[in-house]
Amino acid sequence: MRIGRVPRCKTVVLVIWLLWVAIFFVGTPAGAAPVKNLIVLIMDGCGDEQLTLARWFKGAPLALDDMRTGAVKTYISDAVIADSAPAATAYATGIRSGSGIIGLAPPVRNIAGLPPAAPALALKPQASVLEGARLLGKATGIVVTCRISHATPAAYFAHVRSRNQEEDITEQGVYQGIDVVLGGGRRYLLPTQLGGSRRDQEDLTAVLRSRNYQLIDKRLEMSGVTGPKVFGLFAMSHLAPEIDRPDLAPEQPSLAEMTQKAISLLSANKNGFFLMVEGSQIDWACHANDPAHLLSDLLMFDQAVQVALDFAKKDGQTLVLALPDHNTGGLSIGNRRTDETYDQLTPELLLAPLKKMRRSAAALWQSLGEDKSPDNIQKAVHQDWGVEITREQAQQIADLAKQYGKEGHYALGEVICAHYTHLGWTTHGHTGGDVPLFAYGPFRPVGLLDAQDIGRLSARALGFDLETLTLRLFVDATQAFPPEAVHLDHTDPHNPVLQVQHQGRQAALPINKNLLILNKQELPLEGLVIHVAETGKTYLPLEAVHLIRGESKPLPAIAK
Ligand SMILES: [Zn+2]
């Protein structure tokens, strides 16, 4: 059959083109089927200027370039400049929280222009996209180059008042049931008695083994992992900067290798998966004003994006989001040296000093050992960064380094970039501008978004509701039971336990775990038991409330 005189193939092309236009400009239609998989890749502490520099350095387009769809506002409930904890909390839970807070609603205090938070909600745990994906039967994964207990990954699986509670965060991560965890931070799995950092003396490696995890700590062991569950922590603390990895830590995998492995394990789940990947050290490189560390880690992050993109293109049911959580360092291409000459700055001039850098500033500084004399600094900078700095500049670095204490290496980039590169830096801290947003696949967001929109659209794309999930996972114990029936047992101060008495039943729920011990029987729960010391409140999953009360009510459905 023909429509008028237009040949059929042209009609088909026209219809496809109109559909494409409709989807591009209107977004994914309401009621569209959820995506099977979601991959969120976060470049910590990054912005457009870093990406432009990385593209020049690579000499070719970035994997990210074709995915640019918009930007994200990064301010938080109590400051115009975010740290990673509330920034990632917004992406993970859809709630804009306050400085240092992981996976909890903000305290009541709020900066001007924002409505104050409701007191009953202050510091209440907020369910995350990872928790929702898990309850939908999907596989879940975390891949980072920092300790897994660092702020950005933590926001996806933990709920604590302070990002510094790394013991609690790691414990919650272990009991969260995440299928694939690859990164650093082994020291928080082990008690101090076994050379680790856990003061509660729990051996979480034993817990992981009892839950059928494969535990690995070397790159070569990755290929032997068949899944479904693996904890691969390749360093006691953070992984090495990418530029130093081949020399200093060849036993560690790269971010792209870990991403590849995670996707191949997670995609075996027929219900789909959620994966969060972080280029954790882009932020630290910018804190240090260190172009060597920045470029190697950012280009490796881009390779991880390529891995995710290749999978998503083949799969067709995967949403990929890639974005920074905030910006760091105030990098500019152009500095005071280029005030009068910026119109003559060729790519060759821009790149020449950067191509001579063979180590991160941190590794260069470390290599000095105890001898931080100007002579030794001059020699090491010549050897590792290829520039002959003056005696005065070496002295300036030595003096500045004393001021920076344990961040002594910050002095290198600060002095050397100003004199020998065409890069400017304004701060060793974070900055408050909007950050670029990259996306590919169904439900791809377009335009200028609030940070918390990322969490909400992640849940919407996966087909569930975060607010219902929060009601299901975090019930205030004193609202579920009479206050006199509930108490927090601090007999072991490092391992508090929520005790509940109900109609002759005795229930114990250890904090940071997903366990209910009811009449001496241990039952696994679908969510964690969380205590917030600042408010004195303890939260438990609704499932536990029902079990303690002996009720067999259905739990609220989270799928939309
Ligand atoms: Zn930072």
Side-chain angles (χ1 to χ4, degrees), residues 40-51 53-54 72-92 96-103 144-156 158 160 162-166 169 183-185 237-242 255 276-298 300-301 322-332 360-362 365 404-414 417 425-436 451 454:
V40 179
L41 303 108
I42 299 178
M43 46 197 130
D44 202 295
C46 195
D48 272 318
E49 213 85 357
Q50 287 91 323
L51 291 162
L53 185 66
V72 178
K73 302 181 210 170
T74 59
Y75 68 94
I76 54 174
S77 74
D78 52 1
V80 295
I81 301 179
D83 74 276
S84 290
T89 293
Y91 295 173
R96 182 192 277 118
S97 197
S99 293
I101 295 174
I102 304 272
V144 295
T145 54
C146 58
R147 295 193 290 268
I148 54 151
S149 47
H150 229 243
T152 309
Y156 278 87
V160 291
S162 166
R163 55 184 290 168
N164 299 326
Q165 293 169 248
E166 293 192 59
I169 291 169
S237 184
H238 306 300
L239 303 191
E242 179 56 28
L255 186 66
M276 182 270 186
V277 176
E278 188 196 26
S280 319
Q281 304 191 18
I282 296 160
D283 176 60
W284 308 345
C286 294
H287 275 287
N289 300 174
D290 174 357
H293 190 179
L294 166 63
L295 287 166
S296 63
D297 271 60
L298 185 48
M300 179 49 74
F301 176 84
L323 70 173
D325 51 350
H326 56 75
N327 201 348
T328 302
L331 175 69
S332 60
S360 70
W365 196 247
Y404 291 135
K406 69 176 175 40
E407 314 293 1
H409 65 286
Y410 283 17
L412 290 165
E414 185 175 330
C417 285
W425 300 92
T426 59
T427 174
H428 286 296
H430 296 178
T431 60
D434 302 340
V435 293
I454 298 295

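For ligands, and for the atoms within them, numbers begin at 1 and follow the listed sequence. Note: hydrogens, waters and symmetry copies are ignored here, and every other heavy atom, side chains too, is used. Residue numbers start at 1 and run along the sequence shown. If you're wondering where the values come from, they're calculated on a predicted model, not measured in any experiment.
When the N, O or S atoms of H287 are ranked by distance to the Zn ion (ligand 1), NE2 comes first. D283 has its closest N, O or S atom to the Zn ion (ligand 1) at the position named OD2.
Listed for the H326 side chain is no donor-acceptor partner under 3.5 Å among the backbone atoms of D83.
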D283 vs S84, side-chain hydrogen bond (donor to acceptor under 3.5 Å, both in side chains): CA-CA, chis, key distance, verdict | CA-CA 10 Å; D283 176 60; S84 290; 5.1 Å; no

Does the pair N327 and Q50 meet the rule for a side-chain hydrogen bond (donor to acceptor under 3.5 Å, both in side chains), with working shown?
-> CA-CA 9 Å; N327 201 348; Q50 287 91 323; 2.9 Å; yes

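Note on H430: counted as a metal contact of the Zn ion (ligand 1), an N/O/S atom lying under 2.8 Å. D44 lies apart from the Zn ion (ligand 1) in this respect, since none of its N, O or S atoms is found at a distance under 2.8 Å.
Interatomic distance, NE2 of H430 versus CG of D44, reported as 6.5 Å (0.5 Å rounding).
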